[in-house]
Amino acid sequence: MTNDAPLALHVPEPAVRPGGLPDFTNVRISTAGAVARPDVDADPESIRDLAYSIIRVLDRDGEAVGPWAGFLSDEELLEGLRHMMTLRAFDARMQMAQRQGKTSFYMQHMGEEAVSCAFRKALLPGDMNFPTYRQAGLLIVAGYPLVEMMCQIYSNEQDPLKGRQLPVLYSSKEHGFFSISGNLATQYIQAVGWAMASAIKNDTKIAIGWIGDGSTAESDFHAALVFASTYKAPVVLNIVNNQWAISTFQGIARGGSGTFAARGLGFGIPALRVDGNDYLAVYAVARWAVERARRNFGPTLIEHVTYRVGAHSSSDDPSAYRPRTESDTWPLGDPVIRLKNHLIVRGVWSEDRHKQAEAEVLDTVITAQKEAERHGTLHSGGKPSVRDMFEGVFAEMPPHLRRQRQQAGV
Amino acid sequence: MTNDAPLALHVPEPAVRPGGLPDFTNVRISTAGAVARPDVDADPESIRDLAYSIIRVLDRDGEAVGPWAGFLSDEELLEGLRHMMTLRAFDARMQMAQRQGKTSFYMQHMGEEAVSCAFRKALLPGDMNFPTYRQAGLLIVAGYPLVEMMCQIYSNEQDPLKGRQLPVLYSSKEHGFFSISGNLATQYIQAVGWAMASAIKNDTKIAIGWIGDGSTAESDFHAALVFASTYKAPVVLNIVNNQWAISTFQGIARGGSGTFAARGLGFGIPALRVDGNDYLAVYAVARWAVERARRNFGPTLIEHVTYRVGAHSSSDDPSAYRPRTESDTWPLGDPVIRLKNHLIVRGVWSEDRHKQAEAEVLDTVITAQKEAERHGTLHSGGKPSVRDMFEGVFAEMPPHLRRQRQQAGV
Amino acid sequence: MPRKTMIDAIRDAMDVMMGRDDTVVVFGEDVGYFGGVFRATQGLQAKYGKSRCFDTPISELGIVGAAVGMAAYGLRPCVEIQFADYIYPAYDQIVSEAARLRYRSNGQFTCPLVVRMPTGGGIFGGQTHSQSPEALFTHVSGLKTVVPSNPSDAKGLLIAAIEDPDPVIFLEPKRLYNGPFDGHHERPVTPWSKHELGEVPDGHYTVPLGKAAIRRQGAAVTVLAYGTMVYVAEAAAAETRVDAEIIDLRTLLPLDLEAIVASVRKTGRCMIVHEATLTSGFGAELSALVQEACFYHLEAPITRVAGWDTPYPHAQEWDYFPGPARVGRALLETIEP
Amino acid sequence: MPRKTMIDAIRDAMDVMMGRDDTVVVFGEDVGYFGGVFRATQGLQAKYGKSRCFDTPISELGIVGAAVGMAAYGLRPCVEIQFADYIYPAYDQIVSEAARLRYRSNGQFTCPLVVRMPTGGGIFGGQTHSQSPEALFTHVSGLKTVVPSNPSDAKGLLIAAIEDPDPVIFLEPKRLYNGPFDGHHERPVTPWSKHELGEVPDGHYTVPLGKAAIRRQGAAVTVLAYGTMVYVAEAAAAETRVDAEIIDLRTLLPLDLEAIVASVRKTGRCMIVHEATLTSGFGAELSALVQEACFYHLEAPITRVAGWDTPYPHAQEWDYFPGPARVGRALLETIEP
Ligand SMILES: Cc1ncc(C[n+]2csc(CCOP(=O)(O)OP(=O)(O)O)c2C)c(N)n1
Ligand SMILES: Cc1ncc(C[n+]2csc(CCOP(=O)(O)OP(=O)(O)O)c2C)c(N)n1
Ligand SMILES: [Mg+2]
Ligand SMILES: [Mg+2]
C-alpha cells in the first residue's frame, strides 16, 4: 500500500480527431431481434442486461425481426416516415433561413429524427413531454402547425411566445410539449414532479423527460432519478445519446460506465438501450415504458443510441473537433433511409413514391414558410411589441414594472 | 396501453414507527467471511455483487473469518478499541457539556465509531479526508489533541477556528481533515477535485470523501461520481448509511435501489458494502480501496452499513419518529462490544481490562475537558475576539471591511 | 381571538389551504411524518395523507424542481427548505425555471409555488443556520419575496402566497417563531401569547402581498425594516426616545413604495435595517429608491444598519447581529448626522 | 504594442500564467480540445497537456466543486462557465464553499480560484445567453468580482485574479470580445485593433483588483459604469454633449470607493448604468454608497439606468438593452432633473 509510483490524471479521448479516420469499431451493437422483451412489470434487477445491449428491430435487409417487432401497421409506418421527412425538410429550410439572416439561431435534428417522431406515437393526449431543443419531432407528430413553429423561430408578430424565447425553444401545452428551457437538464426533474402530481391527483396521464448524453452530468439528472426512484413516478426518462455534446464526445459525460442506461441501475430503475435510428425499435421501447408508467409500475430510463449528424447549432462547426466523414461511418445508419427501405421491402413503398413524397413534404414546408414570413422575420416585417416584453413576468403587473414600461414609453 | 386505472403516489415508509415493535428482518445480512475479496484492479462489472452483499469479518463468536480477515495485529486492534472508546467517552462528555449550556450544539457518533476509526488506519500522512460532522474518529486516530477539539466545540479563546464555526465542524489540515461544511454533501465533489489535483501533480496522496445516506440525494454526490468516474480520480468515496437522516429513514433517499452502494454501478465505479460496526471489516475494505486509489486504478464507492444509535444532534429527539428500542435490535450489534469480544476471544483482552481502560479513557477525556474549559466555554470565560470576526474573509482585509471593523469599534 | 406562535400560525395557514384546495401539497426534508424540524407541518400528513404531505430526499434542487413540475401540472406546492442557508442547490430551479416559466411560455405554463424557509440568526446556528438571502431573490425578475414579522401576518401572507398565481419566496425569521425578539438576547423573549400580533384569526384570511404596515407612527425619521429587525427598531426607538416611524415592509417585492415615500417625505429622514450582510443587501435597493423618490425631501443621508460583510460567525453572534444598541446609535446619527 | 481582441488578451493571460506557474489549471465545458465556444482557451491543451487544460462533463457544480478541492490542494484553477446564465447550478459551491473556506478554516484551507464567464447581452442570445448576474456575487462575503471592459485591462485583471489568494468571479462582457461596442447595434463595431485599449503588452503584468479607471474626465456629472456600459456611456455623453466624468469600475468588489467619491464630490451629480435588471442590481449598492458618502455634495438625485426587470427577451433585445439613447436621456435628466 506504500506504493510511491506517481499518480496521473486520466482524461478520456474519442477514438479519432480531425485528420484521423473515423472508427466506430469500439461501438458494440446487438443484432436486430436479439434482445428479449420482458414483461413491463419485470424486476429491474432481472433485466439489467437491457442497459448494456441495444434493442433493434430492423435488420440489414430491412426486415423487422424479433420480439420488439410488429407493433405498428404499414399505414402507421408510412405516416411515421412522412413525419421524419417533414422534420428533415423543416430543418433544412430553417437552417437556410438562419443563414439568410431571417433569424438568429437554429438547431437541427439530422440523424436523430426517429427518436422524437417514433416516441411521440406511443403517447396519449394529455401526456406531457419535457423536451430539450432537439425533439421538435414531438410537435410535428402531435400536429402542431409548422407555421407556428416558424413564427417562433422568426420571433415575428405571430410568434406564440411573443419574441421572448430563443428560436426553437417552443412551448405548446396543448400538444403535450412543455416550454423548453435554455438551461440544460432542468426540465428532467420537473418531468418527475409533473408525473408525481398526476399520481397525487390519481390521474392517468404520464410525463416524459428528455435529456442529452452530455447533460446527464448535470445535477437535475440525479435529482430526477432519485425522486423517480423513491416515489415510483409515472415517468419515462429518455437520454438521447447522439455521441456529442457540442465539441465534447460522450465519453466525458459517461466516464467509466459502459453506457448511459447503466445510470438507472443504481436506482433500481429499469434501463433500456435502443437503436435510436430504428423507428420501429424506438416505438416499441417507448410503448413498453409508457405502459409501465401508465400501469403505475414506475419510471423507466431509456438510452436512445443515435448520432448527431449536423452541427450542434447554427453557431457550431464540427469539423474543428471530429472527422468530417464521421457521420457516414456511423454504424446505425440513417433513420429515414432505414424506414424507407423497410417499407420498400414490405412492398408498400418505392423509390419513386419516396421522391414524390419528398417533393410534397418540401412543398408543405415551403408553403408554411411563406405563410410564416408574411408575419415577419427577426429583422424585418411584423414584430412582437415592446409592450410584450413587460407582460407576463407576473400574472398581474406590479407597480415597479408598470413604471418601467412607462419609462420605456410603451 | 389505454389503461385507465388511476395512478397513485408511492411514498416509502420504514417498517415500524413509534409504538410498533422494531423489526429489521428485511435487512439482508451476509454471513461473516462469506464475501470474496477480489484483486484491487478487478473489473467493476465482475464484482458488482459486492454492492449487494455485506463484507463482514467478525462472526457471532467473535472470531475473525474469511478473506477480509488478518490485516491487523493484536496491538493495532487494541489501539483501535481504545480509539473507539475514546470517541465514545468524548461524545458522552461533550453531549453533557451541551446540556449544561457550555456550548450551543453537539453531534455524537454512538454506534458508528468503527467507521471513522478503522478507516483512518488505512491512510497515510498527507492523504486528505473530506468529512461530514460524524467522523471525529478521523481526528482522534490521527492524534489531533482532544483539547483542541473541545476548544472548537466551546468556541473559546483557544478555538483554532476562532469561534467562527458551529461546534464539531472541525478543521485540521495537518491531520488530513478538511474543514467541515455545514452544507451537506458539498465536500464530496471537492474530495474528487483534490484527488484530481494530486493526480495532476503526479503526487502519491489520495483523497477520501464522506457522506451520509440521506445526503446522497444531493447534487454534489452526482457530480462527485461523474467526475471520479471520468477522470479515474484517486479517491475513496464513503457513504455512511446509518439508517436515518434526522427523522427520515434511509428508504427515502435510497428509493427503489436495494443499496446505496449500487449507485456506483451506473458509473463503472467498484462499489462495496461493509459491516460498519465491524472494525476489522471496515479496515480491510478501506485498505483495499485505498490501495486501488494509490495504484491509480481509480475511485471506489463504499457503503458502510451502520446505525445511528443516538439522536441526530443535541437538537433532536428520535423517539418522535422511531421506536425507542430500535437501536437495541439493530442486527449488526455495537462496534465497541464486538471488537472487545474479539480481543477477549483472542485472549489479549478481558472484561476487567476493558473496565479499567474505560476508566482511563474517561480520565483522559475529563483531563482534556478541564484543560479546555480553562480557556472558556461558549457563554463564559475566554472568548475569541470580535476582531477575529472580521479577519480571514479575505487574505487581505479590503477597505469596506476595515471601515466596518472600525464602526464595530474593534 | 386565539393567540398563536408564529409556527402555529404558519401551520394553520397550510392547514386552511390544504383543507380548502386539494391541489395544495406540502413537502420537504423531515416535513412528512415528523412534521419538520421546526414543527411547521406537524399533523398535516396525518390529516391529509401521505400524497399531500410527505418527506423528501435531501435534495433542495429536487424539492423545488419537482415542485415546478407539479405547479406546471396544476398543483399548488408549498415546500419547505429546512434552513434558508440550504436554498442554493435549488437556486437554478428558482431563478431559471420557476421565475421565468410564465414569461417564457407566454402564460401556457405557470408556477404557483411557495418556497418557505426559516431565515436569520440569533440561535447560535453559525454560518449555515443564520443567513438572510432575501436580496438574492429580489434581484430575480418573476419572483415575489415575503418576510412576515408576526403570527397574524404570517398566516395571512402565507395564504396569500399559496393563492398567488406566481412563485413566492417566503422567508420566516426563525428568531420570531416564539416571540417578538428585539435583539435583547440577554433577556427572555416575550411569548406571542402576550403580544397583540399573536392574535391569529381562525380560518381563511389574507394579508395582501405588496402592502407594508406602519408599526409605529413618528415624525423624526422613517425606519424601513422587516422580520426580526422590526422589533429591534422598536426597541432602539424606545431606548433612544427617537420619534421614529417604523415601517414593516412585509413584502419586499412587490414593494409598497408608496407607503415608504409618503413616510420619508413626511419625516425627511430614513434609516434602513436588515440582518443580511450590508453590501448588495436589500437595503441598497431601498436606499436607492428612497433617494430617487425623496431626494428633495431628505434632510440627512439615508443610513443603513446591517449584518457585517462576513459570514455569520458562531461565537460572535451578538457582535454580528445588528442589535438595539447598534441600531439606536445609527438612529441618533440619522437624526443628527 | 501588439493589438489584440479581448478573447486573445484573455487567452494570453491564461497562457502567461500557465507558463509561469504549473499550479495553474484551466478547464470547463468544451474548453480542452476545442478551446471553448468563444475560443478563449484555444491552443492551451496542445501547449500544456491534457492534465492542465481539459474538457469537463456538463456540470457547473462539478466544475466549481472540483476546482474548490483542487484549490484546497494547492492548485490555482481558472475555470470557464460557458455562459454566466449557467452559473446557478454552481452557486452553492461558490457561496457556501469557495467564499467561506478561508474564513471557516481560519486560513488552513484557501481557495485561489477564478471563475470566468461571458456575461451580458447584445448577441440575440435570449434569456439564457445574456444575463449579468454580478449583484448575486457582490452580496456574498468572501468573493471578489471583476468586470473588464477592454483587452488591456482584461489581461492584467485576469492575471491579478489568477494570482489572487481568494476566489474571484471574472465576468467577461461578451459583446466586447471583438470591439468596444457602444450600443449602436445598427452600426458595425470598431475592432479592437483600431482602439488604443486594444494594445496588450506581452508577457506578465497586472491591473490591480480594486482600482477604477477614469475613462473620460468631466465636470458636469459622474457616470459609474463597467463592462459594455462604459462605451454606451461614452457614446451617450458624446451625443448629448454632456461633460460627463465616466468611471470604469473594473472591480466591483473590492470597490474603488475613493475614486468614486472624489469624482462625485467634484461633479455634484451621479448616474449609474448597468445592463443587469434594475432591482437589487449592483447599481443599488453604488447609489446607496454614493448617497452615504456624498449626500451634502449632491445637487440632484442619483439616477440609475439598467436592464428592465424582466427576463432578457430575444426579439426585443434592443428595447431591453440600455442603449445610448436611453442612457443619454437619463444623463440629461441627471443634469437637469
Ligand atoms: C446549464 C447549462 N450549461 C451549459 C449550457 C451550454 N450548452 C448548450 S447545449 C450544450 C451541449 C449539450 O449536449 P447534449 O446534452 O449531449 O445534447 P445535444 O446537444 O447533443 O442534443 C451545452 C454545453 C447550457 N445550455 N446550459
Ligand atoms: C444542503 C443541506 N440541506 C439540509 C441540511 C439539514 N440537515 C443537516 S443533517 C441532515 C440529515 C443528514 O442525514 P445523513 O446524510 O444521513 O447523515 P447523518 O446525519 O445520518 O450522519 C439534514 C437534512 C443541511 N445541513 N444541508
Ligand atoms: Mg449529445
Ligand atoms: Mg444518515
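Quick note on labels: first sequence line is chain A, next is B, and so on, each numbered from 1.
If you measure heavy-atom distances from A:Leu378 to chain D, the contacts under 4.5 Å come from the side chain alone. For D:Thr56, the part sitting under 4.5 Å from any heavy atom of chain A is the backbone (N, CA, C, O) and nothing else. At a 4.5 Å heavy-atom cutoff, the contact between D:Leu278 and chain A is made by side-chain atoms alone. Neither the backbone nor the side chain of A:Thr216 comes within contact range of chain D; no heavy atoms are under 4.5 Å apart. With a threshold of 4.5 angstrom between heavy atoms, A:Val386 approaches chain D through its backbone and through its side chain. Neither the backbone nor the side chain of A:His312 comes within less than 4.5 Å of any heavy atom of chain D. Using a 4.5 Å cut-off between heavy atoms, D:Glu317 does not touch chain A at all. Neither the backbone nor the side chain of A:Pro398 comes within contact range of chain D, judged by heavy atoms closer than 4.5 Å. Of the two parts of D:Asp85, only the backbone, made up of N, CA, C and O, holds a non-hydrogen atom closer than 4.5 Å to a non-hydrogen atom of chain A. Using a 4.5 Å cut-off between heavy atoms, D:Phe124 contacts chain A through both its backbone and its side chain. With a threshold of 4.5 angstrom between heavy atoms, A:Leu184 approaches chain D through side-chain atoms but not through N, CA, C or O. D:Gln82 touches chain A through its side chain: at least one heavy atom from C-beta onward sits under 4.5 Å away, while N, CA, C and O do not. Interface remark: D:Thr128 contributes side-chain atoms only to the contact with chain A (heavy atom separation under 4.5 Å). Interface remark: D:Tyr320 contributes backbone and side-chain atoms alike to the contact with chain A (heavy atom separation under 4.5 Å). Neither the backbone nor the side chain of A:Phe105 comes within less than 4.5 Å of any heavy atom of chain D. For A:His379, the part lying near chain D is the side chain, with the backbone staying farther off; criterion is any non-hydrogen pair under 4.5 Å. For a residue to count as touching a neighbouring chain, one of its non-hydrogen atoms must lie under 4.5 Å from one of that chain's; by this rule A:Thr248 touches chain D with backbone and side chain alike.
Highest contact tally toward chain D, considering only A:Val11, A:Val393, A:Val410, is held by A:Val11 [criterion: heavy-atom pairs under 4.5 Å]. When each of A:Lys383, A:Met389, A:Arg164 is checked for heavy-atom pairs under 4.5 Å with chain D, A:Met389 comes out on top. Interface summary for chain D: among A:Leu169, A:Leu9, A:Asp220, A:Ile246, the most heavy-atom pairs under 4.5 angstrom belong to A:Ile246. With chain A as partner, the option from D:Gly126, D:Gly35, D:Pro57 having the largest number of non-hydrogen pairs under 4.5 angstrom is D:Pro57. Of the listed residues D:Leu61, D:Val37, D:Thr279, D:Asp55, the one with more heavy-atom pairs under 4.5 angstrom with chain A than any other is D:Asp55.
Other residues, nucleotides and ligands contribute over 12 non-hydrogen atoms within 6.0 Å of the CD atom of A:Glu13. By the neighbour-count criterion of 12 heavy atoms within 6.0 Å, atom CD of D:Glu336 is sparsely surrounded, having that number or fewer from other residues, nucleotides or ligands. Within 6.0 Å of atom CZ in A:Arg324, 12 or fewer heavy atoms from other residues, nucleotides or ligands are found, so the atom counts as exposed in its surroundings.
Heavy-atom minimum distance, D:Phe83 versus D:Ile123: CE2-CD1, 4.5 Å. A pairwise comparison of heavy atoms in D:His314 and A:Ser155 identifies ND1-OG, 2.8 Å as the closest pair. Looking at every heavy atom in both residues, A:Glu112 comes nearest to A:Asn242 through OE2-ND2, 2.9 Å.
In this structure, A:Phe267 has its ring center at least 6.0 angstrom away from the ring center of A:Phe227. Residues D:Trp308 and A:Phe390 bring their aromatic ring centres within 6.0 Å.
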Q. Stepwise, does the salt bridge (Lys or Arg N to Asp or Glu O under 4.0 Å) test hold for A:Glu391 with A:Arg405?
A. CA-CA 9 Å; A:Glu391 300 285 344; A:Arg405 195 183 61 188; 3.4 Å; yes
Q: Go through the steps for A:Tyr154 and A:Glu373 under the test side chain to side chain donor-acceptor pair (under 3.5 Å), then give the verdict.
A: CA-CA 8 Å; A:Tyr154 290 144; A:Glu373 293 185 5; 2.6 Å; yes
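By the 30° and 60° cut-offs, the orientation of the rings of A:Tyr321 relative to A:Trp244 is tilted.
Checking side-chain atoms of D:Gln45 against main-chain N and O of D:Lys50 turns up no donor-acceptor pair under 3.5 Å. Of the possible donor and acceptor atoms, one in the side chain of A:Arg134 sits under 3.5 Å from a partner among the backbone N and O of A:Gln108.
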